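In what follows, every heavy atom counts, from backbone to side chain, and hydrogens, waters and symmetry copies are set aside. Counting starts at 1 for both ligands and their atoms, in listed order. Just so it is clear, the structure is predicted and the values come from calculations on it, not from any experiment.
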Amino acid sequence: MASGLLLVLSAPSGCGKTTIVRKVMATLPGLVFSVSHTTRPARAGEVDGVQYHFVDEAAFLQIRDQQPSGFLEWARVHGNLYGTGVETVRQLQQTGCDVILDIDVQGAAQVRERVPAVSVFIAPPSMQELERRLRGRGTEEGAILKKRLDNAAKEIAAAGKYQYLIVNDRLDEAVETFRSIIIAERSRQRRTLSGQPVQLACSNRH
Ligand code: ADP
Ligand code: 5GP
């Protein structure tokens, strides 16, 4: 059965991850975004079921405690809970599309331990530029903005655990790099659902 790649993407908030993913998805077919659950309140313009499944803490914990397993990974990030549904990922992978998980460094570590995945970290060119972008986006301010900036330094410290690093300085270059990573990973040995390479039936003998 067809099984897409699992693409784990992490970046400190405000690095440009959403922008890069949107641009790559608009030009490269065969990609699908896994919609996470979160207890964070929806921002203006966000729609339940599109950016996230917005749930309260009780509902989140109920999914987390489902047996055999509700979430492939989950974590508390900037004070809110976020999690990736096991079934969500399984069903998306079975369509043969490559599945993008936009998750934090704690969640990425859990995924790497549990399933085969391609991991990509997006870093800002500098902390000053990160702050400028986050302020420019205008979705957080005050203590919440400060919390996201404080967290960024810790997240960047985990970048070395990822297979690929993209520094999002010039947006067009970062988009091209992410596209190239996906194309290269698609060209590796084809895999089965279990993550094992497909056994090719035919080999020529001389
Ligand atoms: P994230 O999803 O990582 O939190 P966003 O994609 O929302 O970040 O980007 C944060 C802000 O930075 C947005 O206003 C976006 O337009 C801007 N941005 C993204 N990439 C770049 C770049 N390479 N140069 C300048 N601004 C950028
Ligand atoms: P935001 O609130 O800005 O949408 O996301 C904040 C952070 O939570 C980002 O670093 C994002 O990658 C992370 N995040 C989003 N969904 C998940 C998830 O399902 N699991 C984990 N561990 N982190 C997530």
Side-chain angles (χ1 to χ4, degrees), residues 6-26 33-55 60 63-64 69-89 92 99-115 117 119-141 144-145 147-159 161-162 166-178:
L6 201 53
L7 299 162
V8 173
L9 196 57
S10 301
S13 185
C15 260
K17 186 174 41 177
T18 310
T19 310
I20 292 169
V21 168
R22 266 201 211 122
K23 283 184 176 285
V24 170
M25 288 185 82
F33 183 77
S34 167
V35 179
S36 298
H37 285 74
T38 185
T39 61
R40 163 169 81 62
R43 295 177 187 138
E46 285 184 331
V47 178
D48 187 32
V50 177
Q51 287 82 11
Y52 287 103
H53 300 290
F54 294 100
V55 292
F60 186 98
I63 299 169
R64 184 199 63 180
S69 50
F71 288 128
L72 171 62
E73 62 73 36
W74 69 276
R76 190 175 284 277
V77 190
H78 315 310
N80 298 303
L81 294 168
Y82 294 81
T84 305
V86 168
E87 263 309 292
T88 307
V89 171
L92 292 175
V99 182
I100 299 181
L101 301 187
D102 167 349
I103 61 178
D104 87 312
V105 297
Q106 308 166 75
Q110 296 169 42
V111 172
R112 276 195 301 264
E113 268 176 26
R114 287 178 194 164
V115 288
S119 59
V120 181
F121 191 90
I122 301 177
S126 67
M127 291 304 285
Q128 289 78 5
E129 174 61 13
L130 178 63
E131 180 166 355
R132 200 187 65 75
R133 286 183 196 169
L134 210 45
R135 285 187 190 281
R137 188 171 71 181
T139 49
E140 288 88 13
E141 52 191 19
I144 296 181
L145 179 76
K147 193 180 241 182
R148 286 181 179 243
L149 284 171
D150 287 347
N151 223 18
K154 287 184 215 143
E155 289 173 319
I156 290 169
K161 302 213 167 74
Y162 290 68
I166 301 173
V167 177
N168 180 20
D169 189 357
R170 287 195 42 172
L171 181 60
D172 52 351
E173 283 177 14
V175 169
E176 200 46 41
T177 306
F178 188 38

Where is the tightest heavy-atom contact between V55 and H37, given as atom of each residue plus distance? CG1-CD2, 3.9 Å
Mind checking whether F178 and L9 have side chains closer than 4.5 Å, heavy atoms only? yes
Side chains of V35 and H53, heavy atoms from C-beta outward: is any pair under 4.5 Å? yes
Which residues share a ring-ring contact (aromatic ring centres under 6.0 Å, His included) with F60, sequence neighbours left out: F71
Under the salt bridge (Lys or Arg N to Asp or Glu O under 4.0 Å) rule, collect the residues that match up with E87, sequence neighbours excluded. R90
Per-pair distances, ligand 1 N/O vs protein N/O, less than 3.5 Å:
residue	atom	partner	partner atom	Å
ligand 1	2 (O)	T18	N	2.9
ligand 1	2 (O)	T18	OG1	2.3
ligand 1	3 (O)	C15	N	3.3
ligand 1	3 (O)	G16	N	3.0
ligand 1	3 (O)	K17	N	2.8
ligand 1	4 (O)	G14	N	2.8
ligand 1	4 (O)	R137	NH1	2.7
ligand 1	6 (O)	T18	N	3.4
ligand 1	6 (O)	T19	N	2.9
ligand 1	6 (O)	T19	OG1	2.5
ligand 1	7 (O)	R137	NH1	2.9
ligand 1	8 (O)	G16	N	3.1
ligand 1	20 (N)	N168	ND2	3.0
ligand 1	23 (N)	N168	OD1	2.9
ligand 1	23 (N)	D169	O	2.9
ligand 1	23 (N)	L171	N	3.3
ligand 1	24 (N)	R133	NH2	3.3

Do R43 and Y52 meet the cation-pi criteria used here (NZ or CZ under 6.0 Å from the six-membered ring centre, within 45° of the axis)? no
Under 3.5 Å, is there a donor-acceptor pair between the side chain of E73 and the main chain of A108? no
Report, as yes or no, whether the 6.0 Å neighbourhood of atom CG on L171 holds more than 12 heavy atoms from other residues, nucleotides or ligands. yes
Okay, side chain of S36, backbone of T84: is any donor-acceptor separation there less than 3.5 Å? no
Might you list the protein residues in contact with ligand 2, defined as having a heavy atom under 4.0 Å from one of its atoms, sorted by chain and number? A11, K17, S36, R40, R43, Y52, E73, A75, V77, H78, Y82, G83, T84, D102, I103, D104, G107, R148
